[in-house]
Amino acid sequence: MSQAAISFGEDLVRALSRSLGEPGWLTSSRLDALKYFTDLPPETNPLYTKYASTFGFPVDQFRMTAAKSAVDFRSFFSGFLTGKESDIILQGNETQVHSELREELASKGVELMSFHDALDKEEAKVRDLVERRNVKSSGDRFAAFVNAFFNGGVFVRVPRGVALDKPLRRMLLLDSPRTPVVEQNFVIAEEESRLVFLEELYSKGESVPSLVASNLELVAKPGSHVDFSSIQLLDGQSTHISNRAVDIHSDARATVSSLSLGAAVSRSRMNFLLNGRGSLAEGFEIFFTDAKQRYDFETNLIHNSPDSTGSTQARGVLKGESQSIFKGMIKIVRAAKNSRSYLAHHAMLLERTAKSDAVPSLEIDTNEVRATHSASVAQIDDEQLFYLMARGLPLDESKKMVVLGFFEPVLSRVPIEQTREGARFMIEGKWHGEKRRLVDRETLLAETGEITPEVKESEDIFERHYKYR
Amino acid sequence: MKLEIVDLHASVEGKEILKGVNLTIGQGETHALMGPNGSGKSTLAYTLMGHPKYQVTSGKVLIDGESITGLAPDKRVRKGLFLAFQYPVSVQGVSMFSFLRAAYNNSRPAGSEPPTIFEFREVVADKLKMLSMDESFLNRYLNEGFSGGEKKRAEILQMALMEPKFAVLDETDSGLDIDALRIVAEGINKVSGPQTGALLITHYQRILKYVKPQFVHVMYQGRIIESGGEDLSRLLEEKGYTWIKGYQEEQAPVQAP
């Protein structure tokens with residue numbers, strides 16, 4: 001416990017790996033990653049280097065120990081759980097503290113455990129997964145950081161043909177600025193399986209400046225269907241870094257819905273890899289920033305196979321002096337004929353001091369595809385506000401209605417009901433300066449009195465308004 | 001109970017558009033305001049509702065003897081004022097249902113208990129029926145993708161729910177075909193009872209076949225230059241707006257000091 005913190009170098013890699021009882025091949029893999037972390041600039045893509053400084057963070061301000069802290073999960077998570085949860089894995093700071101999985105799922109072979117438990121249990125399989133990771137150290141300095149220094153992570157797997165009836169959940173709760181949470185996460189849906197995964201990142205109390213850095217390998221094997229959602233409500237001084245690769249095999253479908261509300265800086269990279277024929281990817285990126293928050297999001301749709309369909313829609317509202325940048329690329333390789341891809345970013349600014357940029361791009365090596373993108377950044381519309389005020393709504397309520405409405409075209413498409421309804425509740429909370437967490441429908445009803453019926457627009461993942469390239 | 005407009009001057013981006021408008025509307029009265037394009041009719045409508053782009057430079061607007069000139073639009077609603085927009089804006093992601101509910105709750109007298117979601121459904125269902133509108137309307141986004149006729153009907157629906165004391169209807173008849181015009185006009189008649197004073201802004205006489213005003217005013221170059229009964233609108237229709245121009249010049253020497 002009292003082990004001294006050491007800076008991010010080879011000594012720490014070795015100490016970490018040793019204290020986690022890791023095999024030699026993993027230590028070597030960490031050391032390989034360390035080289036990239038040391039050598040790479042914060043931004044490797046020349047398209048984006050001019051924005052890098054706004055969102056960068058000095059990683060050396062954090063210190064790490066190789067020891068783990070012990071946490072009593074019942075008292076630690078008190079107030080964060082309803083007691084009705086099942087199929088959930090809880091993590092306090094860097095320590096996995098508790099996991100619960102219904103026997104009927106465990107007996108079917110569903111796995112919900114820490115990365116290191118998985119490593120102990122089936123080293124050969126995990127080694128194979130680690131060696132074929134899609135989040136490459138060579139591609140990003142912070143991905144390399146995680147590959148070198150991860151001190152935890154979750155391992156989730158749903159076996160072939162198994163369909164889950166409700167989401168597997170994971171909650172990360174921080175109360176300590178001491179040790180960064182650095183994670184290597186795997187979420188794997190085997191062939192023809194159905195997996196819904198719900199991740200929540202929270203800080204306990206105020207003023208917990210911490211670092212959460214994670215790499216996620218999400219794999220959707222042939223014919224599987226994965227809905228993944230992530231909610232980030234870390235403390236306003238925290239730094240959040242995420243690198244995700246979503247590997248989608250033939251006739252598989254994967255959706256990733258992200259709601260970002262917290263942290264001082266959030267830097268997220270996601271690659272949808274449409275690797276199988278007929279694969280489908282959908283990304284929903286929803287954010288609401290205020291004060292001096294800085295968000296830097298990148299989502300790429302990489303079509304490597306024919307008949308693949310990809311779509312990413314980002315929508316954000318910015319208050320105060322907050323800033324965001326959204327980068328997105330559609331890449332369609334020569335072989336990926338008859339693919340469709342759509343990328344959209346729309347941001348609304350509530351004050352002149354807020355700032356948002358969008359850098360969408362296309363790289364298409366074949367004909368017979370449809371690839372479109374759209375982007376806009378605009379101030380809140382005064383004529384809309386006047387119209388609502390002329391119907392008796394005070395200015396603040398009018399703004400709130402326009403803002404909440406702005407999210408809807410994307411939010412209403414989020415496939416996980418709990419995330420969809422919870423996101424509305426949480427966004428409205430942030431509007432009122434409250435920190436609200438994801439709650440179940442029962443609590444939501446008790447809190448709000450009612451759930452306003454939803455308007456569903458067309459199910460086509462391509463919006464009606466788009467421009468051809 | 002009356003709406004009084006007293007020597008109202010208003011500017012947009014420094015340019016004076018209203019140059020001394022005087023008009024009084026009593027409860028239960030229907031007034032038609034006619035005039036050529038650019039005469040200031042819509043500016044009057046926006047100014048009455050308190051659009052921030054329209055600056056009142058002098059004069060005042062009173063409801064029940066109380067000035068509303070300095071009030072924000074939502075406060076004017078509380079005083080009983082309503083504006084049916086010529087071009088209602090659309091708001092993405094806001095369902096008609098939640099919008100109507102907010103409008104309804106915000107136009108109730110202060111302190112009154114708002115209805116539950118189920119009670120409100122019944123209230124709105126009645127009004128929809130009255131305007132021959134389908135309930136599926138409630139599940140659409142506010143004015144988004146609405147046809148011209150749907151937008152205007154939606155405005156009248158809002159008026160029906162908010163039950164204003166004074167309603168300004170800005171070219172509610174424009175862009176409607178004959179059938180839609182009739183439906184909207186009938187709606188106006190049903191909604192504006194003896195408790196409501198209405199100012200019907202229009203280009204054409206055709207809506208006046210359905211909605212009968214007791215008073216007709218003609219606006220030209222930022223002023224009301226002539227007021228009369230229904231016969232005035234017929235005179236206008238016959239002679240056209242060029243007639244006003246001549247009329248105005250004829251009157252000018254009298255007005256000169």
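The shown structure was predicted, so the numbers you read here are calculated from the model rather than taken from an experiment. So that the names make sense, note that chain A is the first sequence line, chain B the second, and so on, each numbered from 1.
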(message) Non-hydrogen contacts under 4.5 angstrom with chain A: give the residues of residues 62-71 of chain B involved, or none if there are none.
(response) none

(message) Is Ser90(B) in contact with chain A via its backbone, its side chain, both, or neither, using a 4.5 Å heavy-atom distance?
(response) backbone

(request) Count the heavy atoms of every other residue, nucleotide or ligand shown that sit under 6.0 Å from NZ of Lys327(A), and state whether that count exceeds 12. (result) yes

(request) Grab the two heavy atoms, one from Tyr141(B) and one from Pro409(A), that are nearest each other, plus how far apart they are. (result) OH-N, 4.3 Å

(request) Could you list which of residues 145-173 of chain B have a heavy atom closer than 4.5 Å to any heavy atom of chain A, in residue-number order? (result) Glu155(B), Gln158(B), Met162(B)

(request) Enter the distance from Leu385(A):CG to Asp74(B):CG here, rounded to the nearest 0.5 Å. (result) 11.5 Å

(request) State yes or no: are the ring centers of Tyr87(B) and Tyr387(A) separated by less than 6.0 Å? (result) no

(request) Would you give the length of the straight line joining atom CE of Met389(A) to atom CZ of Arg76(B), rounded to the nearest 0.5 angstrom? (result) 10.0 Å

(request) Report the C-alpha separation of Leu388(A) and Phe99(B) in whole Å, then their side-chain angles, then the decisive distance to 0.1 Å, and conclude whether the side chain to side chain contact (heavy atoms under 4.5 Å, CB included) test is met. (result) CA-CA 8 Å; Leu388(A) 296 181; Phe99(B) 165 71; 3.4 Å; yes

(request) Please flag which part of Lys53(B) lies under 4.5 Å from any non-hydrogen atom of chain A: side chain, backbone, both or neither. (result) side chain

(message) Is Val77(B) close to chain A through its backbone or its side chain, or both, or neither, when contacts mean heavy atoms under 4.5 Å?
(response) side chain

(request) Kindly determine whether Phe386(A) and Phe85(B) satisfy ring pair (Phe, Tyr, Trp, His ring centres under 6.0 Å), including the steps that lead there. (result) CA-CA 11 Å; Phe386(A) 174 64; Phe85(B) 284 62; 5.6 Å; yes

(message) Around atom CD of Glu442(A), are there more than 12 heavy atoms from other residues, nucleotides or ligands closer than 6.0 Å?
(response) no

(message) Checking the side chain of Glu408(A) only, and the main-chain atoms of Gln92(B) only, is there a donor and an acceptor separated by less than 3.5 Å?
(response) no

(request) List the atom of Pro73(B), the atom of Ala390(A), and the distance in Å for their closest heavy-atom pair. (result) CB-N, 4.1 Å

(message) Is it true that, when you exclude Lys190(B) itself, more than 12 heavy atoms of the residues, nucleotides or ligands shown sit nearer than 6.0 Å to its NZ?
(response) yes

(message) Please classify the contact of Leu142(B) with chain A as side chain, backbone, both or neither, using a heavy-atom distance under 4.5 Å.
(response) side chain

(request) Go through the atoms of Tyr104(B) and report whether side chain, backbone, both or neither lie under 4.5 Å from a heavy atom of chain A. (result) neither

(message) Can you tell me how far apart CZ (Arg391(A)) and CG (Leu83(B)) are? Round to the nearest 0.5 Å.
(response) 6.5 Å

(request) Measure across Gln384(A) and Val91(B) and return the closest heavy-atom pair with its distance rounded to 0.1 Å. (result) NE2-CA, 3.8 Å

(request) Please report the shortest heavy-atom distance between Pro394(A) and Asn106(B), naming the atom on each side. (result) CD-OD1, 3.7 Å

